[in-house]
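The structure under discussion appears below in the form of structure tokens.
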Amino acid sequence: MSAKTILEIVDAPIDAAAWTAKLADPAAGAIASFLGVVRDHARGKSVVAIRYEAYREMALTEMKKIADEAAKSWPLLGLAIIHRVGALEIGEASVLVIVTSAHRADAFEACRFAIDTLKTTVPIWKHERYADGSAWVDN
Amino acid sequence: MSAKTILEIVDAPIDAAAWTAKLADPAAGAIASFLGVVRDHARGKSVVAIRYEAYREMALTEMKKIADEAAKSWPLLGLAIIHRVGALEIGEASVLVIVTSAHRADAFEACRFAIDTLKTTVPIWKHERYADGSAWVDN
Amino acid sequence: MKIRVRLFAMYREALGRGEVELDLADGTTAAQVFDRLFAGTAYEKLPRRTTLYAINQTYQPPATMLRDGDEVAFIPPVAGGLA
Amino acid sequence: MKIRVRLFAMYREALGRGEVELDLADGTTAAQVFDRLFAGTAYEKLPRRTTLYAINQTYQPPATMLRDGDEVAFIPPVAGGLA
């Protein structure tokens with residue numbers, strides 16, 4: 001399979017509908033998506049501000065590995081991984097994964113694989129500021 | 001958990017972003033979505049037109065059962081199931097499931113559960129027209 | 001007793017309508033209503049297990065006896081079929 | 001040999017910059033560069049396994065010997081930490 005692949009690190013808000021449209025394919029019957037969103041609390045604390053920082057070149061390389069592995073493992077038509085960096089508001093999306101396939105099981109499994117792997121291999125860090133301090137935490 | 005629940009059968013195009021916005025919740029860290037889309041082929045044939053028909057009252061009742069079961073099984077913040085009926089074009093969405101939760105594993109699992117169960121229990125039928133005939137098929 | 005039958009998809013097309021009102025003898029089952037309505041159609045000999053029965057919008061066994069005022073629906077087989 | 005070090009997140013903050021150029025003896029390992037850079041900081045005694053090492057944007061073992069022109073990055077521990 002040669003799946004259409006979009007891998008981006010962006011500084012502006014993530015427009016899920018616009019990225020989904022870029023993967024449009026008349027053969028696609030299933031679109032599984034995951035949006036990671038900034039929550040108002042974490043580890044029992046109120047989050048007041050959040051910022052993401054990326055080792056951009058390496059992050060894109062690792063995202064490419066995820067896309068290649070996914071396309072080898074499932075019959076995909078398209079895969080997009082979009083990660084935002086910089087300062088985000090509560091409720092804004094930090095990451096978007098979209099997988100298109102003919103059938104839903106493949107789309108779901110590949111989407112789950114992509115976001116789970118991204119969280120462990122892609123060098124992007126999250127900085128949370130609380131009322132009483134701040135921390136670099138698990139992305 | 002009392003998850004915010006949206007269950008709709010609609011006659012107009014499904015705007016995934018608008019439905020996602022309705023589930024906005026500052027505690028949500030994860031949004032898993034599934035869009036079922038009309039494909040240009042099925043069972044080896046080219047699909048030229050498609051139409052969905054619902055036993056509307058019962059479909060909504062079955063969707064409610066899915067939402068209740070999901071909310072019992074995972075710590076969800078929100079769940080939306082939107083199914084379109086009537087005539088659709090290739091590439092248009094027939095069904096949208098959105099699940100929001102604090103964490104992604106719960107969102108993914110509940111989303112998968114909802115669409116898989118919907119396909120087996122919710123009385124909605126799909127009519128495919130081909131160049132050389134037509135059929136009522138598995139939704 | 002009076003019951004209302006809802007028809008969808010290929011069953012609606014086979015009978016040319018989406019709804020039928022019937023006046024039936026007490027003790028009539030959902031499956032008997034199906035047999036009566038589809039006698040003489042292509043669905044007459046359909047294996048029973050391919051159709052699901054809903055009474056008042058809840059799935060029920062085919063042998064369920066109907067009661068006055070019930071709404072019965074026949075949930076057609078999905079995947080392929082005769083239409 | 002000349003190498004370039006890329007620093008991120010808490011490591012960038014600890015050293016007050018995102019990039020360092022170093023001129024090192026042949027045979028220097030990625031881990032030795034880390035020890036040298038973070039001597040005297042709160043990260044000096046960080047258990048080695050909590051940091052991942054990338055050389056030319058690929059994860060590599062800490063004991064990997066560097067070569068002239070390499071780009072080294074220290075991937076900070078995620079989840080919690082000192083900042």
Side-chain angles (χ1 to χ4, degrees), chain A residues 13-21 23-43 46-48 50 77-78 89-116 118-119 126 128 138-139, chain B residues 13-21 23-43 46-48 50 77-78 89-105 107-116 118-119 126 128 137-139:
Chain A
I14 294 174
D15 180 339
W19 292 108
T20 304
L23 287 184
D25 186 323
I31 304 175
S33 304
F34 176 79
L35 265 177
V37 175
V38 177
R39 290 190 292 152
D40 62 358
H41 64 279
R43 283 153 289 274
S46 272
V47 175
V48 296
I50 204 147
L77 292 163
E89 307 282 328
I90 305 294
E92 286 194 312
S94 57
V95 62
L96 170 65
V97 177
I98 310 168
V99 175
T100 61
S101 187
H103 302 289
R104 73 179 181 280
D106 298 317
F108 265 114
E109 286 164 24
C111 187
R112 181 83 188 262
F113 163 80
I115 185 67
D116 286 354
L118 182 145
K119 295 278 182 177
K126 177 162 72 172
E128 290 178 346
D138 198 355
N139 175 18
Chain B
I14 294 174
D15 180 341
W19 292 108
T20 304
L23 288 184
D25 186 323
I31 304 175
S33 304
F34 176 79
L35 264 178
V37 174
V38 177
R39 291 190 291 153
D40 62 358
H41 65 277
R43 281 154 288 274
S46 274
V47 175
V48 296
I50 204 148
L77 293 164
E89 307 282 327
I90 305 295
E92 287 194 312
S94 57
V95 62
L96 170 66
V97 177
I98 310 169
V99 176
T100 61
S101 187
H103 303 289
R104 72 179 181 281
F108 266 113
E109 287 165 24
C111 187
R112 181 84 189 261
F113 164 80
I115 184 67
D116 286 354
L118 182 144
K119 295 279 184 177
K126 177 162 73 171
E128 290 177 346
V137 298
D138 199 354
N139 174 19

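In what follows, every heavy atom counts, from backbone to side chain, and hydrogens, waters and symmetry copies are set aside. Here is the naming used below: chain letters follow the sequence lines, and residue numbers restart at 1 for every chain.
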- Relative to chain B, which of A:Ala24, A:Ala105, A:Pro26, A:Cys111 shows the most heavy atom pairs under 4.5 Å? A:Pro26

- Message: With a 4.5 angstrom heavy-atom cut-off, is it the side chain or the backbone of B:Ala107 that approaches chain A, or both, or neither?
- Response: neither

- Message: Given heavy-atom pairs under 4.5 angstrom as the criterion, report whether the side chain, backbone, both or neither of A:Asp25 touches chain B.
- Response: neither

- Item | Distance (rounded to the nearest 0.5 Å) between B:Leu35 CG and A:Thr100 OG1 | 11.0 Å

- Message: Is B:Ala28 in contact with chain A via its backbone, its side chain, both, or neither, using a 4.5 Å heavy-atom distance?
- Response: backbone

- Message: At a 4.5 Å cut-off on heavy atoms, which part of B:Ala32 comes close to chain A: side chain, backbone, both, or neither?
- Response: both

- Note on the structure: Applying a strict 4.5 Å limit to non-hydrogen atoms, the region of B:Asp15 in contact with chain A is neither

- Go through the atoms of B:Ala102 and report whether side chain, backbone, both or neither lie under 4.5 Å from a heavy atom of chain A. both

- Query: Do the side chains of A:Arg112 and B:Arg112 get nearer than 4.5 Å, heavy atoms only?
  - Reply: no

- Segment of B:Ile115 engaging chain A (4.5 angstrom heavy-atom cut-off): both

- Query: Can you tell which of A:Gly91, A:Ala42, A:Ala93, A:Ala30 has the highest number of heavy-atom pairs within less than 4.5 Å of chain B?
  - Reply: A:Ala30

- For the residue pair A:Ala27 and B:His41, what are the closest heavy atoms and their distance? CB-CE1, 3.6 Å

